[in-house]
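One-based numbering, in listed order, for ligands and for the atoms of each.
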Amino acid sequence: MRKLIAGNWKMNGLRASSDVIAEIVSGLEGADIDADCLICPPFTLLGGFAGQTKGTALKIGAQTCHSAVSGAHTGDVSAQMLADIGAAYVILGHSERRADHGEASADVALKVMAAIEAGLIPIVCVGESLADREAGLTRKIVLDQLGASLPDGLAGHPFVVAYEPIWAIGTGLTASAEQIAEVHLEIRTALTARFGDQGQGVQILYGGSMKPANAAEILGVANVDGGLIGGASLKASDFLAIFRSAG
Ligand code: 13P
């Protein structure tokens with residue numbers, strides 16, 4: 001399956017970060033890698049980066065959206081607005097959104113529908129905490145989140161799933177190849193049970209302290225169809241090195 005290497009910039013980046021985007025774009029030119037490349041900057045940079053990358057191999061996405069198309073939701077941004085400004089993807093249900101903003105899987109499912117209706121590709125995040133893992137609840141937590149975050153209306157529409165163990169995010173700890181293989185297989189099995197053939201073709205990304213030194217090993221694990229990269233996506237040379245590991 002074609003891989004997707006996606007950078008989640010989280011709340012990082014200023015207009016001057018267009019230099020990083022320029023470096024990534026030039027690094028992608030002529031790169032013969034069977035993978036898509038995506039950067040998800042904060043809202044403030046979406047329009048600028050979408051303009052800067054138009055016609056290049058680098059796609060631009062957002063990090064969340066509201067579930068409504070428009071209305072009295074101060075401070076929020078709709079999926080339609082994201083599509084209008086040039087975003088192609090939107091990350092939904094990231095653990096930091098679930099923790100900081102109390103997003104439940106039912107909320108995520110509504111946002112996923114909004115994204116689909118706006119023509120965006122949602123990247124739906126799931127993952128267990130360290131306490132969940134130590135209690136032997138990884139499979140249950142991940143599959144419960146997955147089931148409740150994916151609305152039935154996704155059938156027939158492109159979407160991506162990201163497995164991000166919370167204990168591996170920003171900690172320098174990475175799940176082992178065995179741990180990743182086990183969870184990704186559970187996710188693949190659940191997607192296929194629910195969406196049939198479509199579930200076989202859904203890209204399942206791994207996220208959590210991915211860096212140039214571990215990317216090749218992680219991307220070589222069965223059912224790992226790409227990465228969702230935080231810290232290492234902020235530096236063009238690191239992000240490009242991870243991208244090249246996908247080839
Ligand atoms: P890090 O790569 O910084 O661990 O972040 C992972 C992540 O949360 C991507 O969405």
Residue pair [X] / [Y], side-chain heavy-atom distance below 4.5 Å:
{"X": "L137", "Y": "E128", "value": "no"}
{"X": "F159", "Y": "L92", "value": "no"}
{"X": "I33", "Y": "K3", "value": "no"}

[X] to ligand 1, any heavy atom closer than 4.0 Å:
{"X": "K10", "answer": "yes"}
{"X": "S209", "answer": "yes"}
{"X": "A168", "answer": "yes"}

Notebook entry, point to check: Among protein heavy atoms, which sits nearest to atom 2 (O) of ligand 1, and what does the distance come to when rounded to 0.1 Å?
Noted result: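 In this structure, atom 2 (O) of ligand 1 has G230 N, 2.9 Å as its nearest protein heavy atom.
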
Next item on the list: Among all protein heavy atoms, pick the one closest to atom 3 (O) of ligand 1 and tell me residue, atom and distance.
Entry: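 In this structure, atom 3 (O) of ligand 1 has G231 N, 2.8 Å as its nearest protein heavy atom.
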
Next item on the list: Could you say whether the N/O atoms of I229 and ligand 1 ever approach to under 3.5 Å?
Entry: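 No - when backbone and side-chain N and O of I229 are compared with those of ligand 1, no distance drops under 3.5 Å.
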
Note to self: Residue-level breakdown please: for L228 versus ligand 1, do any non-hydrogen atoms fall below 4.0 Å on the side chain, on the backbone, on both, or on neither?
What the structure shows: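 Both backbone and side chain.
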
Note to self: Side chains of Q63 and H94 only: does a donor on one sit below 3.5 Å from an acceptor on the other?
What the structure shows: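 Side chains of Q63 and H94: no pair found under 3.5 Å.
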
Checklist line | Donor-acceptor pair between S105 and R98 side chains, under 3.5 angstrom | finding: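 Distance-only check passes for S105 and R98.
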
Next item on the list: Could you tell me which atoms of ligand 1, counted from 1 in the order shown, lie closer than 4.0 angstrom to a heavy atom of E164?
Entry: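 Near E164, the atoms of ligand 1 are 6 (C), 7 (C), 8 (O), 9 (C), 10 (O).
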
Item checked: Non-hydrogen atoms of G127 and Q145 that approach each other most closely ->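 Heavy-atom minimum between the residues: N-OE1, 2.9 Å.
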
